[in-house]
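Here the structure is a predicted model, which is why all the values come from computation and not from measurement.
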Amino acid sequence: MTAAPARPRLVPLSSVELADHLGEALDVYVAAMGYPPGTARQRRNLWLEHSRRPGWRCTGWLDPGGHLIGVAYGYSGGYGQWWFEEVRRGLAARGMSRDIGQPDWLRDYFELTELHVRPDAQGSRLGEGMLRALLDGVRHDMVLLSTPEHAPRPPGRAWRLYRRLGFEDVLRDHRFTGDSRPFAVLGRRLPLPPESPPRG
């Protein structure tokens, strides 16, 4: 009888544990986003700085050898943070910051800063597992994230995940300072809906 192949393990990561795995985490990030290798060096200090922010939490998938194949983290968003100010600028520029009947997205939110799965491990709901673990017990009204726009290509796995979990448009085709690519800002109320069983 053949033993079933060992499955990856979903684990919470402390700031110390993320620092220990930071090289692997950044390799996952660069591979998943298709960035040049030098990007990892540029992001290293920023990820460490993020891990000291209020409300920071992190989760990851470890393969049977203990190597990181997925990573997700975020923290409490608020005034003065670069991402908050950039999104507030984008909303104000489109006259959306005071729309009657629109949610006040920036009032009380958790920023999903990073969520990445190594390309050769994608397609097995590892991203959803990390997202659910990361947001379980978060004490904010909303969760917000930014992700590169997909058009004119069809939506990729990340987009399909966010839509399946009920994330809606907050801001589309937004240009963050220093980046010429268009991004979408997506959000939803917390908690997430219950997990649906995998199909077939």
Side-chain angles (χ1 to χ4, degrees), residues 28-36 39 42-43 46-47 50 53 55-59 70-117 119 122-123 125-135 138 140-193 195-196:
V28 169
Y29 163 73
V30 166
M33 295 296 286
Y35 289 150
T39 310
Q42 299 165 5
R43 304 292 288 189
L46 181 63
W47 282 36
H50 285 169
R53 293 193 176 183
W56 182 88
R57 47 170 58 198
C58 180
T59 188
V71 63
Y73 77 78
Y75 47 80
S76 301
Y79 288 98
Q81 294 174 359
W82 180 84
W83 195 87
F84 174 97
E85 298 299 340
E86 287 284 309
V87 173
R88 183 166 69 163
R89 171 181 62 80
L91 292 171
R94 299 186 193 192
M96 298 167 65
S97 54
R98 294 180 300 280
D99 281 358
I100 295 173
Q102 293 297 314
D104 185 356
W105 290 106
L106 297 177
R107 183 181 58 81
D108 179 30
Y109 73 94
F110 180 84
E111 181 188 326
L112 176 59
T113 313
E114 306 290 351
L115 189 151
H116 308 287
V117 177
Q122 292 177 5
R125 299 185 80 161
L126 300 186
E128 181 173 349
M130 283 193 300
L131 182 56
R132 289 185 175 280
L134 189 69
L135 296 178
V138 164
H140 289 286
D141 290 341
M142 311 278 190
V143 54
L144 297 179
L145 62 92
S146 54
T147 189
E149 291 280 5
H150 59 79
R153 302 178 313 279
R157 285 193 173 107
W159 270 89
R160 295 197 300 270
L161 168 63
Y162 299 139
R163 291 306 199 207
R164 190 171 72 247
L165 293 182
F167 281 80
E168 58 185 279
D169 294 345
V170 176
L171 187 61
R172 296 296 298 269
D173 290 306
H174 178 61
R175 260 69 173 186
F176 286 95
T177 301
D179 197 326
S180 62
R181 296 169 304 159
F183 279 79
V185 177
L186 308 177
R188 65 153 290 129
R189 293 190 179 278
L190 290 173
L192 292 180
E195 188 171 3
S196 58

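- Atom CZ of Arg89 and atom CZ of Arg94 lie 9.5 Å apart (nearest 0.5 Å).
- Interatomic distance, CG of Leu106 versus CG of Leu144, reported as 6.5 Å (0.5 Å rounding).
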So Met33 and Thr39, side-chain contact (heavy atoms from CB on, under 4.5 Å) or not? Walk me through it. CA-CA 10 Å; Met33 295 296 286; Thr39 310; over 6 Å; no
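- In this structure, the side chain of Arg172 does not engage the main chain of Ala184 through any donor-acceptor pair within 3.5 Å.
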### Message
Run the side-chain contact (heavy atoms from CB on, under 4.5 Å) test on Trp56 and Thr113 for me, step by step, so that the C-alpha distance in whole Å, both residues' side-chain angles and the decisive distance to 0.1 Å come before the verdict.
### Response
CA-CA 10 Å; Trp56 182 88; Thr113 313; over 6 Å; no
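- A pairwise comparison of heavy atoms in Tyr109 and Gly78 identifies OH-N, 3.6 Å as the closest pair.
- With sequence neighbours left out, the ring pair (Phe, Tyr, Trp, His ring centres under 6.0 Å) criterion links Tyr29 to Tyr35, Trp47, His116.
- Residues meeting the side-chain contact (heavy atoms from CB on, under 4.5 Å) test with Ala31, sequence neighbours left out: Pro119.
- Salt-bridge annotation for Glu128 and Arg132: present, with a side-chain N of the basic residue lying under 4.0 Å from a carboxylate O of the acidic one.
- Phe176 approaches Glu86 most closely through the heavy-atom pair CA-OE1, 3.3 Å.
- Although no hydrogens or angles enter the test, the distance criterion places no donor-acceptor pair under 3.5 Å between the side chain of Trp105 and the main chain of Leu186.
- Looking at Val71 and Cys58, their side chains come closer than 4.5 Å, going by heavy atoms from C-beta outward.
- Minimum interatomic distance between Glu85 and Gly80 (heavy atoms only, all atoms of both residues): OE2-N, 3.0 Å.
- Arg188 places a side-chain N or O within donor-acceptor distance of the main-chain N or O of Leu165, the cut-off being under 3.5 Å.
- His174 approaches Gly90 most closely through the heavy-atom pair CE1-CA, 3.6 Å.
- Between Arg157 and Val117 the shortest side-chain heavy-atom distance does not fall below 4.5 Å.
- Between Asp173 and Pro182 the shortest heavy-atom distance is OD1-CB, 3.7 Å.
- A donor-acceptor pair under 3.5 Å is absent between the side-chain atoms of Arg175 and the main chain of Asp179, judged by distance alone.
- Ionic pairing of Arg189 and Asp108 is not present here: no N-O contact between side-chain nitrogen and carboxylate oxygen is shorter than 4.0 angstrom.
- The backbone N or O of Gly127 sits nowhere less than 3.5 Å from a side-chain atom of Gln122 that would complete a donor-acceptor pair.
- Taking CG of Leu46 as the reference point, atom CZ of Arg43 lies at 5.0 Å (rounded to 0.5 Å).
- In terms of heavy atoms, Trp82 sits closest to Thr177 at CZ2-O, 3.7 Å.
- The line from OH of Tyr73 to CG of Leu115 is 11.5 Å long, rounded to the nearest 0.5 Å.
- The distance from the CH2 atom of Trp83 to the NE2 atom of His50 is 11.5 Å, given to the nearest 0.5 Å.
- Although no hydrogens or angles enter the test, the distance criterion places a donor-acceptor pair under 3.5 Å between the side chain of Arg160 and the main chain of Pro155.
- With salt bridges taken as basic N to acidic carboxylate O contacts below 4.0 Å, none links Arg53 and Glu111.
- Note: Thr147 OG1 to Phe167 CZ = 10.5 Å, rounded to the nearest 0.5 Å.
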